[in-house]
Amino acid sequence: MLTPRGWWFLFIVLIQVGLGALLSDRIGSGVAVVGLTLLAWFLWEWAHFAYRLYFVAPTLTLHRELHDERKAVPILWAEGEFDVRVRVSLAGTGDLPYVALNDWVPADADLVSGSDEAVVALSAERPAILRYRLKCPLPGELRFEGVRVRIADRQGFFYHRTLIRDGLAYYVLPRLTGAEGHRRGSKKFNIFPPPGVHRLRRPGGGSELLDLRDYIPGDPPKMIAWKPSARKDKLFTKEFESEVPVRCTLFVDTSESTRLGTKRKKITRLVNLAAGVAEATVADRDHAGLVVFDEHDARVMRPKRSRRHVIDMLHLLAEAAGRPTPFGPFADANALARLAYPLASEFYPELMHRKANTLPPRMFWSPPSDYRRGWWVLMFALPFLVAFGAVIALWVGWAIRSRDLISLAAECISFFLNIADVFRVWRFGLPWPLEIPLRLLVVTAPTTLLAIILWLSHGLSGYFEPWRSQRLRRKQLGLLFATLDGEPVGAESHYLHDDQMFARRAQRFLAEHHARYPVRLYDARGRYLFHGRPKLDVLVKALNYGVARGRDNELFVLLVDLIDLADDLDHLIRAVRVAVARHHQVMIILPWQDDVPDPPREPPDEDRIPLRKAERFAAGGYKAIADELSRDFIDHFHRAYFKIRREFGRLGVLVIRADSREPVQMVLDRLDRLRGVGRRK
Amino acid sequence: MSTRAAEQPNVFHRLRPPATLNYVFLTGAGLLVYFLIMGSRGNDAGALIAILVAVPGVLARWVVAPALVLILTTYLLVDPGFMNLVGTFTRIPWTLPHEKAAFALEDVILAAALLAYVIGHFRLTALVHQGMPDDPTTRAGRDASNPPRRPLELVAEDELPRTLIIGGSCVIAGQVAWIVLMGLEGLGGPGVFSPGTGRFLLTVWMAGLALMVVSAALIYMRSGQMTRLEASLVLRDEYFHENRRETDRLQRWRKWFKERVATRRRARK
């Protein structure tokens, strides 16, 4: 509560009061009266601040509203701007004359204008209002943690920091691209198609003429195009367009591999693409469905075409995009503690305060007996223990009249005294009950001293960096986590001692508060940890489900990160084959990594012999090795891409890349082209 | 924030608005009275030095200035006009007679003047230089060189009158406390301690009591305002420290067991 300024002032005033009283007999009461006056004022200010802190500040309330151009909104749109209005007020009596407010703007949003902070005086009649404008570039979830409140007195003697917790989360839906812009070209002659009627360039039972084809015996006579037949002297049959609406089901991969990276570009790209395609599909009066899947399960939305359905789909996509970065099986506990500690101090100042979450100095003592070094201490202390153990045994043996014990002890003592004679330890000339222990002490002193030095150095090491900070963070965070989770008493010690347990909880804490944290991508053997093979099983199940319940003209768009799974596609290929055999169409969109260049037109050679690699590494050093690794990675990426294309290309499935330059329109064009490829018998 | 790096006016501009000007006058009046009182006690030079420390202290954000002024004042009251100090070198010690009564109007006025100076200095510092301590945050983009100041708009109209009333009350309270202390000393009759030591012990006892009462009240208030989570954390913390060694041992065995299981699993593979 007291600032350094306050502590110094109090110290000086107390010295003055004490000195004034002590010397008052000689110098009069001047110093003492001045000191007591200043002390009285200081105590008054202290009590007043404490009253404000403990009775007024707890009545602080927070009300937040997010507005678009017209009204308050419960959801947000990616790449859209919106106003945030935060009202901080006091519910009870009293006032806070000097308060600094600072709204915790989510890290995923950009402050466009206005200010997220203000210095105000608060009272029940005079609330504070913060107004600023935010832009949220990515879909997902926006979490407002609350308003950071710093309260001080008018002199700067006292200070307190707290957080008015908010914890409101708003979904940021993928941007609505404007359905008119994405209308397919084939609809240009039919601006207002009746609901459910769709111009599909595929033979069907519609009313629009699609094409003419050769007459096949069995065709109904009413379908014969008599005029062309007469002209060409050959029977032709009319084919009409299908009037069945296209049902497009989007399978969006939200597995761990898509959620990696600082900007989470893969999942964002997939979600934006899916949203754009779904919106355009519904705008064309087609049905759009959505399956969001990861390694564990899939959430299915059956194809529909209502506006409400689109919003629901966008909600589901936003929820998927808002999922946290994966944790991974391994993590560096200390690195995570360094990240989580300041954040926890910001969000839970009361629970991280040293008055509640205490750090007594004895906590940092690192006892050697807890470690293997304790054996070394014991080994060096052994001569001392044996020698004085023998002295005690001698006294005990003498007391209980045990000759065996006395002789054993005497043997031991004589052994040490012989050593003393060998090293010519000085004789003190004292009576033997004192002389013997003293000589034993001198003989065992060097090893005992070593043991003490070892014991002290190990024990005190906990008070020095980096061990002190590590223990401090782990203890405070462990206690915080255990308290927040309501775990049984004593659970905090797990966090202090179990690195992986602590790391996992710290990652969860960081993820809950939308903070970034490092994820280990490879294990000790250099194997990638986020292959996500189980997601293929989930995808296959979901695809089979869609095929089983599908009607004609289903279009399955798989937005899946398959690059790392190019060698494990058998199950998926089988499922896709079934879908194709059931006359459905499948399309695969792979999220492309930003740092990987576009693939060449032709697949790279299968066998490239790296020549003079060792010489290049020797000449280029680490840079050459890094270049080679990067080249290998890109090569592997391209090979995997071509393999996936080849494997699915055999089934007539189009595989395209979704990179940063791939707009939704391009995907829709491809979809249109895909629709236009009618299967002719 | 109310303060932007690009818009920072210099300190003289910041002292011009009425809100700060009131405190400038308060500080100036305090220093003037201080100078007069100290001068009347033969401390002209010392008071001048104190003022030379105090004025730049306000202008140049010397937080230490009030502490220096208080220390200097204490010394000047012990050794008026540096006579004793000069006497140490000239070997002709000078001492002036002191008023030894419990109540002296000069002392009360001096206390009031110093209190006015201290209040004025710290409030001006909060308004002009820095109002609250730097609090490092995890957020980027904070201007550390531009600490938060108390905006002038926050200075209420009745702030100065209230301050004067509180200050006056504190002066009276300080004087009353001293009279009570002297009275308490007189009640005990001649004791084993000299009068100065006796007063010192009584003062320490009283100041300690006052601090203890304030601290106890603060702890009580804090406990009363605790949330369920805070209370749970405090209890856990207590348990942790009581059982730390025991739980450390248990965790060591747990770790050993986990390692053993992992080794066996590896061996099976």
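Chain letters run A, B, ... following the sequence lines, proteins first and then strands; every chain starts at 1. As the structure is a prediction and not an experimental result, all values here were calculated from the model.
For chain B, no part of Phe158(A) is nearby; none of its heavy atoms comes within less than 4.5 Å. When heavy atoms are compared at a cutoff of 4.5 Å, Ala482(A) approaches chain B by way of both its backbone and its side chain. There is no contact between Glu238(B) and chain A, counting heavy-atom distances below 4.5 Å. Only the side chain of Pro367(A) comes within contact range of chain B, judged by heavy atoms closer than 4.5 Å. Only the side chain of Leu39(A) comes within less than 4.5 Å of a heavy atom of chain B; its backbone N, CA, C and O stay farther away. Using a 4.5 Å cut-off between heavy atoms, Ile15(A) makes no contact with chain B at all. If you measure heavy-atom distances from Glu492(A) to chain B, the contacts under 4.5 Å come from the side chain alone. Residue contact with chain B, scored on non-hydrogen atoms closer than 4.5 Å, involves the side chain of Thr3(A) exclusively. The part of Ile166(B) that comes within reach of chain A is its side chain, from C-beta onward, which places non-hydrogen atoms under 4.5 angstrom from that chain. Only the side chain of Leu496(A) comes within contact range of chain B, judged by heavy atoms closer than 4.5 Å. Within the 4.5 angstrom heavy-atom criterion, atoms from both the backbone and the side chain of Asp248(B) approach chain A. Heavy-atom distances place no part of Val204(B) under 4.5 Å from chain A, backbone and side chain included. Contact annotation for Arg249(B): neither backbone nor side-chain heavy atoms come within less than 4.5 Å of a heavy atom of chain A. Within the 4.5 angstrom heavy-atom criterion, atoms from both the backbone and the side chain of Leu22(A) approach chain B. If you measure heavy-atom distances from Arg252(B) to chain A, the contacts under 4.5 Å come from the side chain alone. Looking at Arg244(B), the atoms closer than 4.5 Å to chain A (heavy atoms on both sides) all sit in the side chain, from C-beta outward. Of the two parts of Ala47(A), neither the backbone nor the side chain holds a non-hydrogen atom closer than 4.5 Å to a non-hydrogen atom of chain B.
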Trace of the side chain to side chain contact (heavy atoms under 4.5 Å, CB included) decision for Thr73(B) with Val34(A): CA-CA 10 Å; Thr73(B) 307; Val34(A) 168; 5.6 Å; no
Worked verdict on His353(A) versus Glu230(B) for side chain to side chain contact (heavy atoms under 4.5 Å, CB included): CA-CA 10 Å; His353(A) 198 280; Glu230(B) 280 175 68; over 6 Å; no
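Side-chain contact between Arg245(B) and Ser369(A) is present, with heavy atoms from C-beta onward closer than 4.5 Å. Between His241(B) and Arg362(A), some side-chain heavy-atom pair lies under the 4.5 Å cut-off. Using a 4.5 Å heavy-atom threshold, the side chains of Thr483(A) and Arg236(B) count as touching. Two residues are said to be in side-chain contact when any heavy atoms from C-beta on lie closer than 4.5 Å; Val118(B) and Trp41(A) meet this criterion. When side chains are defined from C-beta on, Phe9(A) counts as touching Leu70(B), because their heavy atoms get closer than 4.5 Å.
Ranked by heavy-atom pairs shorter than 4.5 Å toward chain A, the options Thr227(B), Ile172(B), Val171(B), Leu235(B) are led by Val171(B). Comparing Leu110(B), Leu154(B), Val108(B), Thr74(B) by heavy-atom pairs within less than 4.5 Å of chain A, the highest count is held by Leu154(B). For the set Glu45(A), Glu350(A), Met363(A), the count of heavy-atom pairs under 4.5 angstrom toward chain B peaks at Met363(A). Residue with the most contacts toward chain A among Asn243(B), Ile119(B), Leu114(B): Ile119(B) (heavy-atom pairs, distance under 4.5 Å). Ranked by heavy-atom pairs shorter than 4.5 Å toward chain B, the options Gly20(A), Gly156(A), Gly30(A) are led by Gly30(A). In terms of non-hydrogen atom pairs under 4.5 Å with chain B, the most contact-rich of Trp8(A), Phe157(A), Phe11(A) is Phe157(A). Ranked by heavy-atom pairs shorter than 4.5 Å toward chain A, the options Lys255(B), Glu159(B), Glu106(B) are led by Glu159(B). Residue with the most contacts toward chain B among Val120(A), Leu480(A), Leu484(A): Val120(A) (heavy-atom pairs, distance under 4.5 Å). Heavy-atom pairs under 4.5 Å with chain A were tallied for Leu115(B), Val234(B), Thr247(B); the largest tally goes to Leu115(B). Ranked by heavy-atom pairs shorter than 4.5 Å toward chain A, the options Gly224(B), Gly174(B), Cys170(B) are led by Cys170(B).
Considering all non-hydrogen atoms of both residues, Arg5(A) and Thr125(B) come closest at NH2-CG2, 4.0 Å. Summarising the geometry of Thr37(A) relative to Ala111(B), their closest heavy-atom pair is OG1-CB, 3.5 Å, with the distance given to 0.1 Å. Pairing each heavy atom of Pro151(B) with each of Val119(A), the nearest pair is CD-CG1, 3.2 Å. Nearest heavy-atom pair across Trp178(B) and Ala32(A) is CZ3-CB, 3.4 Å. Considering every non-hydrogen atom in both Ser493(A) and Gln251(B), the closest pair reads OG-NE2, 3.1 Å. Of all the heavy atoms in Asp498(A) and Lys258(B), the pair that sits closest is OD2-NZ, 2.7 Å.
One finds the CG atom of Leu479(A) at 4.5 Å from the CG atom of Leu233(B) (value rounded to the nearest 0.5 Å). Distance CZ/Arg154(A) to OH/Tyr23(B): 6.5 Å, rounded to 0.5 Å. One distance of note links CD1 of Ile12(A) with CG of Leu68(B); it measures 8.0 Å at 0.5 Å rounding.
Formation of a donor-acceptor pair under 3.5 Å by the Tyr239(B) side chain with backbone atoms of Val489(A) is not found in this model.
A salt bridge is defined here as a Lys NZ or Arg NE, NH1 or NH2 lying under 4.0 Å from an Asp or Glu carboxylate O, and Lys355(A) with Asp237(B) fails to meet this definition.
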